[in-house]
Protein chains: 4
Amino acid sequence: MPRTADANAALREKTRERVLQAAVRLFSRHGFDGTSVRALAEEADIAVGLLYSHFESKEAVLLALMQSSMVDVARTLEDADREPTARGFVTALLTSTVAMLDAHRDLWRLSQGLRHQPEVLARLKLPLEHFLGATHQRLERALAARGLPEAGIEARVLFATVEGLTQQYLQQEGGYPAADVIRAMARKWPGALRKRKADAP
Amino acid sequence: MPRTADANAALREKTRERVLQAAVRLFSRHGFDGTSVRALAEEADIAVGLLYSHFESKEAVLLALMQSSMVDVARTLEDADREPTARGFVTALLTSTVAMLDAHRDLWRLSQGLRHQPEVLARLKLPLEHFLGATHQRLERALAARGLPEAGIEARVLFATVEGLTQQYLQQEGGYPAADVIRAMARKWPGALRKRKADAP
Amino acid sequence: MPRTADANAALREKTRERVLQAAVRLFSRHGFDGTSVRALAEEADIAVGLLYSHFESKEAVLLALMQSSMVDVARTLEDADREPTARGFVTALLTSTVAMLDAHRDLWRLSQGLRHQPEVLARLKLPLEHFLGATHQRLERALAARGLPEAGIEARVLFATVEGLTQQYLQQEGGYPAADVIRAMARKWPGALRKRKADAP
Amino acid sequence: MPRTADANAALREKTRERVLQAAVRLFSRHGFDGTSVRALAEEADIAVGLLYSHFESKEAVLLALMQSSMVDVARTLEDADREPTARGFVTALLTSTVAMLDAHRDLWRLSQGLRHQPEVLARLKLPLEHFLGATHQRLERALAARGLPEAGIEARVLFATVEGLTQQYLQQEGGYPAADVIRAMARKWPGALRKRKADAP
DNA sequence: CATGAATGAGCTTTCATTCAT
DNA sequence: CATGAATGAAAGCTCATTCAT
């Protein structure tokens, strides 16, 4: 047997990773349709044919990318779940989200841009819907566990807040006062553990 | 012959409008790249050549569309400006936004999808940035005028809220409890006119 | 309305015909897979794009060709049907077949070459089978009407004879003694009208 | 070490044979162009590289196949040569042909399909014409030796009959009444040894 | 000897745009 | 003004072949 199986596997993994990195860069800058497979291969510094031995199609590359972006989200939720109060939860969630955006800015620009392109996402639609539903439920449970009434509605409010912050943060090239905005957002949520009217004074 | 000239102008205007309406439908369903000029002409029920006598290129059609979506935003702000309190302002702004999304759902799906594709929007980038900046300023002035401290930061919070709600509302095919969510969002903002800490517990 | 509809139709017909003629030439020489669409368009002296406005695909060009070859066969049968004896029928059928091969040599080389390429013919398979079945029946009826016993089997013999002659005639570039071969073939069939044992010595 | 060398040679021969068998199956089902080298190697259960150590190219595999089909033909002629009368010769030839088609149906479907693609055959440098000429001569000598006048022309008739039967038999998936058709074909040829008019009524 | 990762030319097809009529 | 035939560049993808291991 030639070339150990291990060596081959490592070789393949390296190539695959290079393609994915090239894809984030190009897709996020020029869009999915605006990036040709030829350009993708060039950026990854491989031949087009090789790309197709790793991914079934150009769409499959995108799919792999999007899946990895879903993992990101799950992690931010886990981070936040350690906080005992609603306000702590919100603060942690938003802070963790911004950290994640900093780490994978291109991936998230791409992911947000795709949210409303039905055709491109046809094969991603169901997984995405399921994922959004699950995320909403986790938020609802988290808020309910922290004593918030109308947790279902408040979860939607929080979800919108995360998405809105994401959107604004990605839009700005830099200089977005994320820390201040997060603090202002968080103080709208109850900071104590005891039950109270959602927003009273 | 001024009469004929008038008739011609009206006819041209009608044709142009038909193209734009066809474009919203197709672009929002299949994406910009996923819509061929031939399909566009067919949907507008005119010949391809005629389309090119109204618009310089396919991109020009998109540009025209996006510009009209900016007008929408300006109107929602005007609606809200009549409210005296911050909470009233927020409520009116969000309600008006949802109404606008209902009226031009396709246009907004398209517009949101394009937000993060820098290359496609290259020619729209500057106008867009200027527009976003102006919108932020209008929000800031509105909140400051209603006695909110840190109006600059709070304007960003509000902007994110509007965007987040827009995103969520467009994502859902139907059945989004917009009224409840808006109420929950609004009650996080001060409802009285007197100066106070934003939300202190 | 620009360019009369008639002029357009004529234009299209001329182009379509040019494509078909180019296709017979190239497909018969290099095979279906061996002919690229680019080569096809070049031979027809049009742009590739135009070819696709006349035919849905490369395969559709082939289909159109094959259909026209079936018409040929039907005509040879009609020619032969005027003869009262079996031998006259066979003679006329074979003579007419050779004439047809002379007229459309390339088309028939192509058609024969495709007979056994299942994948290429996938969409042609059913029509072809139906056509072969119908042809066999027409031969059987023709022989039975001319007093031949075992007309079903004899029809198969005749069918094979036609196919074999076609094969041999196409194989040879020229100099095939068609007239002599046809005479020798025909005299194996009964020349009188009265009923008799098919061929008894 | 002659033992090892022998074992190696046997192994190589076995591999080569596996490739050829895989090739008949795939080429006959999907055509030569429709079969990829990768698919070929997979069907033969070897690596692509190994295939290329046995055959210079994909075309070389086809060539080897076609050559083996010519051997088949020679054998049918030898079978028939034992018969003393023309009718016996024809019967044996056709019977032997059908037996051969049963044994190597896929190979013959492939071979017949290639008969009319001049460019492909040219590239293969198959001595097809020479082979056909030699076959014709053997038929002519066989018929002449059995007292048939115009043996040259009759040989062409017989050749066409064999080809026609081959064609029809391969076309039908099953249920072709080969025995009956062969009997009907054979009785058109003289069954006695003495000289006589071929078929006079 | 045997493997399969890697290459890149070439395939079919689409589509924005032009222009003769 | 209005048409749609015509163009040809460029897209996504396949595949025969090579070669480091």
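Computed from a predicted model, the values in this text were never measured in an experiment.
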Donor-acceptor check, side chain of D/Lys58 to backbone of D/Leu40, threshold 3.5 angstrom: yes or no?
no
Please report, rounded to the nearest Å, how far the P atom of E/dC15 is from the CG atom of B/Leu26.
13 Å
Which of these nucleotides, E/dC11, F/dG12, F/dC15, is closest to any side-chain atom of D/Ser36?
F/dC15
Would a 4.5 Å heavy-atom cut-off, applied to side chains only, mark B/Ser68 and B/Leu107 as touching?
yes
Quick one, C/Val37 and C/Tyr52 - any side-chain contact, counting heavy atoms below 4.5 Å?
yes
Neighbours of DNA chain F within residues 41-57 of chain C, by heavy-atom distance under 4.0 Å
C/Ile46, C/Ala47, C/Val48, C/Gly49, C/Leu50, C/His54
Spacing of B/Leu40 atom CG relative to E/dA16 atom P, expressed in whole Å
9 Å
Should A/Leu62 and A/Leu114 count as side-chain neighbours, where that means a heavy-atom distance under 4.5 Å?
yes
State, yes or no, whether a side-chain contact exists between D/Leu20 and D/Phe55 at a heavy-atom distance under 4.5 Å.
yes
Would you mind reading off the distance between D/Lys58 atom NZ and F/dC15 atom P, rounded to a whole angstrom?
8 Å
Check whether any side-chain heavy atom of A/Val61 lies under 4.5 Å from a side-chain heavy atom of A/Phe27, and answer yes or no.
yes
Axial bend angle, the helix from E/dA2-F/dT21 to E/dT21-F/dA2: five-pair end segments, nearest 10°
10°
Can you establish whether the number of heavy atoms outside B/Arg105 located under 6.0 Å from its atom CZ is more than 12?
yes
Taking the minimum atom-to-atom distance to the side chain of D/Arg38, which one of E/dG10, E/dA6, E/dT12 wins?
E/dA6
Selection: residues 13-25 of chain B, any non-hydrogen atom under 4.0 Å of DNA chain E:
none
Looking for any heavy atom pair under 4.0 Å, which part of the strands does A/Val37 touch: base, sugar-phosphate only, or nothing?
sugar-phosphate
Decide yes or no for A/Val48 and A/Glu42: does some side-chain heavy atom of the first lie under 4.5 Å from some side-chain heavy atom of the second?
no
Does C/Glu129 CD have over 12 foreign heavy atoms under 6.0 Å away?
yes
May I ask you to test the A/His104-A/Ser69 pair for a side-chain heavy-atom distance under 4.5 Å?
no
Could you check whether A/Arg12 gets within reach of a base, just the sugar-phosphate, or nothing at all, counting any heavy atom under 4.0 Å?
sugar-phosphate
Within the structure provided, determine whether C/His54 and C/Ile46 are in side-chain contact (heavy-atom separation under 4.5 Å).
no
